[in-house]
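From a predicted model like this one, the values you see are computed outputs, not experimental measurements. Numbering starts at 1 and runs along the sequence shown.
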Amino acid sequence: MSDVTLTLPAHIEVLLRAEAQKQRPNEACGYLAGKAGLVHEFYPMTNADASPEHFTMVPQEQFAAVKAMRAKGQDMLAVWHSHPDTPARMSEEDLRLAYMPGIIHVILSLAVPEAQSLRGFQVFDNIPHEIQIQRTEEA
Ligand SMILES: [Zn+2]
């Protein structure tokens, strides 16, 4: 496991789980933004693929989200998506589409026990490295 840590407030995780359930059976997706590894805000995005196996974000929504982050002084910390039917690991498709070097990919699985359901990865040279997701009660 890498020593990179993403700190996720409990209320953000609640939002992620709600969004994943809402988009079921398709994958849900979005950005996590904040400062210095602490997530402050979840930006849900439309999955243009409307698929249970992969996702594509809508460029106009990506642009608007990045603009909103800038206005609030937030950094994009992670790309988040759900796996409705598979474990929380990077799929072949996820690796193929991991085009932002160093960005954290957070995957929430709806198919495994809760303790194993949320994992984060960075991809270097097409190889996923798991990072630590630390839960916090504070925002
Ligand atoms: Zn995936």
Side-chain angles (χ1 to χ4, degrees):
M1 178 118 32
S2 137
D3 60 3
V4 173
T5 300
L6 185 72
T7 304
L8 190 68
H11 76 274
I12 301 279
E13 185 170 348
V14 168
L15 292 177
L16 298 186
R17 291 186 182 280
E19 177 68 8
Q21 290 293 349
K22 186 175 149 199
Q23 299 304 329
R24 215 171 185 173
N26 294 331
E27 288 192 3
C29 58
Y31 290 135
L32 299 177
K35 267 292 176 198
L38 171 63
V39 177
H40 289 157
E41 195 162 350
F42 167 50
Y43 292 84
M45 313 283 281
T46 303
N47 179 359
D49 295 343
S51 160
E53 287 163 2
H54 47 89
F55 72 98
T56 303
M57 292 180 179
V58 177
Q60 294 91 323
E61 291 183 9
Q62 291 178 282
F63 195 74
V66 169
K67 204 172 156 188
M69 286 172 208
R70 272 198 206 125
K72 294 176 185 182
Q74 300 168 340
D75 298 324
M76 187 189 298
L77 299 180
V79 175
W80 169 85
H81 73 286
S82 66
H83 282 179
D85 304 309
T86 54
R89 59 173 177 242
M90 299 286 292
S91 68
E92 291 295 319
E93 187 80 351
D94 290 336
L95 288 172
R96 199 173 63 75
L97 296 173
Y99 56 88
M100 279 190 276
I103 192 84
I104 292 171
H105 299 264
V106 172
I107 302 177
L108 171 66
S109 170
L110 299 176
V112 298
E114 195 160 315
Q116 301 145 35
S117 65
L118 192 66
R119 296 170 70 193
F121 304 89
Q122 283 179 312
V123 179
F124 298 105
D125 294 328
N126 224 38
I127 296 167
H129 299 265
E130 184 157 14
I131 61 114
Q132 305 183 52
I133 296 181
Q134 183 184 347
R135 268 49 169 239
T136 176
E137 291 304 315
E138 290 155 51

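- Classification of E13 and R17 as a salt-bridged pair holds, one side-chain N sitting under 4.0 Å from a carboxylate O.
- Transitive grouping of hydrophobic side chains (ILVMFWY, heavy atoms separated by less than 4.5 Å) keeps I103 and L77 in distinct clusters.
- Between the CE atom in M76 and the CE atom in M100 there is a gap of 5.0 Å [rounded to 0.5 Å].
- Closest heavy-atom contact between A28 and Q23: CB-CG, 3.5 Å.
- Here the OG-CG distance, from S117 to L110, works out to 8.0 Å after rounding to the nearest 0.5 Å.
- With values rounded to the nearest 0.5 angstrom, L97 atom CG is found 11.5 Å from E92 atom CD.
- The CD atom of Q132 sits 14.0 Å away from the CG atom of L8 when rounded to the nearest 0.5 Å.
- Cluster annotation: V123 and I104 are assigned to distinct hydrophobic clusters (Ile/Leu/Val/Met/Phe/Trp/Tyr, side-chain heavy-atom contacts under 4.5 Å, transitive).
- Residues in residues 55-81 take part in these ring-ring contact (aromatic ring centres under 6.0 Å, His included) pairs, two or more places apart or across chains: F42-W80, F55-H81, H81-H83.
- Between the side chains of Q74 and Y43, at least one donor-acceptor pair of N or O atoms lies under 3.5 Å.
- Residues T7 and Q134 are in side-chain contact: their nearest non-hydrogen atoms beyond the backbone lie under 4.5 Å apart.
- Q122 places a side-chain N or O within 3.5 Å of a backbone atom of G102 that can act as its donor or acceptor partner.
- No continuous path of ILVMFWY side-chain contacts below 4.5 Å connects M45 to L15, so the two sit in separate hydrophobic clusters.
- Taking CE from M90 and CG from L95, the interatomic distance works out to 4.5 Å, rounded to the nearest 0.5 Å.
- Residues G30 and M57 approach most closely at O-CE, 3.4 Å, considering heavy atoms.
- In this structure, T46 OG1 and Q62 CD are separated by 10.5 Å, a value rounded to the nearest 0.5 Å.
- Remark: the backbone N or O of H54 is paired with a side-chain donor or acceptor of N47 at under 3.5 angstrom.
- At a threshold of 4.5 Å between non-hydrogen side-chain atoms, the residues V79 and C29 do not count as touching.
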Requested in this report: Walk me through it: do K35 and D75 pass the test side chain to side chain contact (heavy atoms under 4.5 Å, CB included)?
Outcome: CA-CA 6 Å; K35 267 292 176 198; D75 298 324; 3.2 Å; yes
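- Here the side chains of V106 and L118 are in contact, with some heavy-atom distance below 4.5 Å.
- Nearest heavy atom pair, residue P25 against residue P84, reads O-CG, 3.4 Å.
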Query raised in the report: Can you list the steps and then say if K67 with R70 is a side chain to side chain contact (heavy atoms under 4.5 Å, CB included)?
Result: CA-CA 5 Å; K67 204 172 156 188; R70 272 198 206 125; 5.7 Å; no
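- A pairwise comparison of heavy atoms in T86 and A111 identifies N-CB, 3.8 Å as the closest pair.
- Counting only heavy atoms from C-beta outward, the side chains of S51 and T56 never approach each other to under 4.5 Å.
- Summarising the geometry of I131 relative to V4, their closest heavy-atom pair is CB-O, 3.4 Å, with the distance given to 0.1 Å.
- Here the closest non-hydrogen pair linking L32 and L6 is CD1-CD2, 4.3 Å.
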